[in-house]
Amino acid sequence: MKQLYRTGFLISTVALLALIGCEEATMSKPEAPRPSDLAHAMRWWNALHGEQRVAALYGTEVTNAQAGAAKREYGALDTETKSKVNAAAREIWGAGGHGSVGEWWQTLDCRRRRIAVGDGNTDDPASRYCADYPGTVS
């Protein structure tokens with residue numbers, strides 16, 4: 001009789017563990033919240049081509065996986081890349097409310113100008129994009 005109880009207990013314990021294991025296997029990890037779309041980030045990002053996108057986010061220090069993710073249109077970006085794009089767009093947008101492109105350009109330092117046009121993400125005074133906007137400085 002004791003043997004029957006032990007066997008029943010063992011079978012029910014194994015069954016319970018199997019069910020718990022199946023439940024845990026089907027439960028997915030909660031994803032990080034998806035960043036919100038930023039209209040100005042979307043317009044900026046989609047105006048750049050693939051190589052410019054990579055340069056704007058990563059410069060020359062990029063992995064193949066990062067480059068592949070960065071070349072996508074804004075609506076197809078993964079969560080991590082979209083967060084980086086939004087942060088870069090906020091950085092180059094600044095306070096907003098600029099009266100003209102020239103006025104906005106003059107608010108950017110060399111590094112931000114290069115990000116804005118997809119030329120890189122470091123300060124490089126030799127870059128043609130680090131020049132003042134034509135007609136804005138006397």
Nearest heavy atoms of Arg112 and Asp109, plus distance in Å: N-OD1, 2.8 Å
Nearest-0.5 Å distance, CG of residue Leu57 to CD of residue Gln66: 9.0 Å
Heavy-atom pair of closest approach, residues Asp78 and Ala69: OD2-CB, 3.3 Å
Asn86 side chain to Ser83 side chain, donor-acceptor N/O pair below 3.5 angstrom: no
Smallest separation among heavy atoms of Gly118 and Ala55, with atom names: O-CB, 3.4 Å
Other residues, nucleotides, ligands: >12 heavy atoms within 6.0 Å of Glu80 CD: no
From Leu48 atom CG to Ile115 atom CD1, the distance as rounded to the nearest 0.5 Å: 11.0 Å
CZ-CD distance between Arg113 and Gln106, expressed to the nearest 0.5 angstrom: 5.0 Å
CH2-CD distance between Trp44 and Gln52, expressed to the nearest 0.5 angstrom: 10.0 Å
Co-membership, hydrophobic cluster, residues Trp93 and Leu38, 4.5 Å side-chain: no
Distance in Å, Arg43 CZ paired with Tyr74 OH, rounded so as to fall on 0.5 Å steps: 11.0 Å
Atom of Ala56, atom of Asn121 and distance for their closest heavy-atom approach: O-CB, 3.6 Å
Spacing of CZ belonging to Arg53 relative to NZ belonging to Lys71, to within rounding of 0.5 Å: 10.5 Å
Under 3.5 Å donor-acceptor, His98 side chain and Ser100 backbone: no
Polar side-chain atom of Trp45 near backbone of Gly75 as donor-acceptor pair, under 3.5 Å: no
Atom of Ala67, atom of Val62 and distance for their closest heavy-atom approach: N-CG2, 3.6 Å
In one Ile/Leu/Val/Met/Phe/Trp/Tyr side-chain cluster, 4.5 Å: Tyr58, Ile92: yes
Contact check, side chains of Thr81 and Arg72, non-hydrogen atoms, under 4.5 Å: no
Residues Asp123 and Arg111 bridged, charged N to O under 4.0 Å: no
Closest approach of Tyr129 to Trp105 (non-hydrogen atoms, all atoms of both residues): O-CZ2, 2.9 Å
Any side-chain heavy-atom pair of Arg114 and Asp124 under 4.5 Å: yes
More than 12 heavy atoms of other groups within 6.0 Å of Asn64 CG: no
